[in-house]
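Notes for the one structure printed next.
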Amino acid sequence: MQIHSAIPDLRHALRNHGRVVFVPTMGNLHDGHLSLMVQAREHGHTVVASIFVNRLQFGPNEDFEKYPRTFEADCEKLREADIDLLFAPTEADLYPERQQYYVDPPGIQNQLEGEVRPGHFRGVATVVLKLFNIVQPQVAVFGKKDYQQLMILRNMTRQLALPIEIVGGETVRADDGLALSSRNGYLSPSERSEAPRLYRILSGIREAVLAGDKDFERLERAATVELDSHGWKTDYVAIRQQSDLQVPLAGNNPLVVLAASRLGTPRLIDNIDI
Ligand code: PAF
């Protein structure tokens with residue numbers, strides 16, 4: 001696996017490559033990321049991963065400084081996953097001057113995750129567009145676990161006419177249903193055994209809706225009450241349209257149920273398609 005941190009070196013290494021599939025990450029790789037790498041391989045000839053903890057997408061009180069950085073172990077995993085090339089820029093490589101031009105996603109960036117993390121999706125969209133311009137992939141793979149991120153990046157790519165196919169990678173779960181996440185490492189043993197409740201609750205909502213329950217607000221409220229009565233602090237449980245994450249109108253648009261809740265210090269997010 002080649003590793004490059006400088007943009008000109010990466011561009012040079014990628015000249016004359018066939019179909020490039022790109023998997024951007026912030027490192028601290030787990031099986032969820034590795035399954036994205038496996039899916040990436042199905043879509044092209046050269047698989048490029050990136051590792052960059054992007055300061056722009058962290059709020060002032062978030063865990064940017066503490067975010068787990070495990071570069072050597074990540075490289076080992078990427079080699080085992082047979083990745084061709086790793087782009088691992090430093091902050092000076094990616095932001096050699098103060099970033100003043102941003103991608104500003106529409107109103108949905110201020111709802112759900114964006115309501116709790118103002119500016120987060122602006123930071124994500126900006127760095128992803130920049131990474132796209134550097135790597136110039138034909139395909140890019142993002143996990144469905146960050147559903148809102150996937151939706152915003154898909155719509156950004158379409159609206160800005162970027163010649164890139166966006167692929168949503170399935171969420172990988174532990175045997176008890178907990179979605180794998182770098183932040184699960186912050187859970188204490190007792191929080192870890194409580195954590196699968198989130199997935200059980202989302203699955204219950206899915207079954208209720210499929211069985212014909214249309215009282216979404218009641219389902220969302222009941223889920224929040226159940227989580228909070230077990231020590232969680234819930235930011236949202238929301239049933240939304242898959243395409244744009246708007247509140248569902250009458251009709252049969254495909255739905256997704258999303259949730260974010262804090263269990264002790266870690267904040268867990270999850271979603272399932274209905
Ligand atoms: O999902 C992530 O890890 C990050 O938001 C991404 C897409 C790599 C941008 O920094």
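In each ligand, atom 1 is the first atom listed, and ligand 1 is the first ligand listed. Starting from 1, each residue takes its place in the sequence as its number.
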Atoms in ligand 1 with a heavy atom of [X] nearer than 4.0 Å:
{"X": "Q149", "result": "1 (O), 2 (C), 4 (C), 5 (O), 7 (C)"}
{"X": "V127", "result": "9 (C), 10 (O)"}
{"X": "T25", "result": "8 (C)"}
{"X": "Q57", "result": "4 (C), 5 (O), 9 (C), 10 (O)"}
{"X": "P24", "result": "8 (C)"}

Count I, L, V, M, F, W, Y as connected when their side-chain heavy atoms are under 4.5 Å apart, and connections chain through other members. Are V141 and I51 then in the same cluster?
yes
Counting only heavy atoms, which portion of L153 has something under 4.0 Å from ligand 1: side chain, backbone, both, or neither?
neither
Start with the C-alpha distance between R221 and D215, add both sets of side-chain angles, then the distance that settles salt bridge (Lys or Arg N to Asp or Glu O under 4.0 Å), and finish with yes or no.
CA-CA 10 Å; R221 245 191 339 268; D215 193 346; 5.7 Å; no
For salt bridge (Lys or Arg N to Asp or Glu O under 4.0 Å), just list the numbers for D235 and R117, CA-CA rounded to whole Å, side-chain angles, deciding distance to a tenth of an Å, and then say yes or no.
CA-CA 11 Å; D235 289 325; R117 308 184 65 187; over 6 Å; no
Look up atom CD1 in I108 and atom CZ in R240, then write down how far apart they are to the nearest 0.5 Å.
6.0 Å
Donor-acceptor side-chain pairing of N54 and Y67 below 3.5 angstrom
no
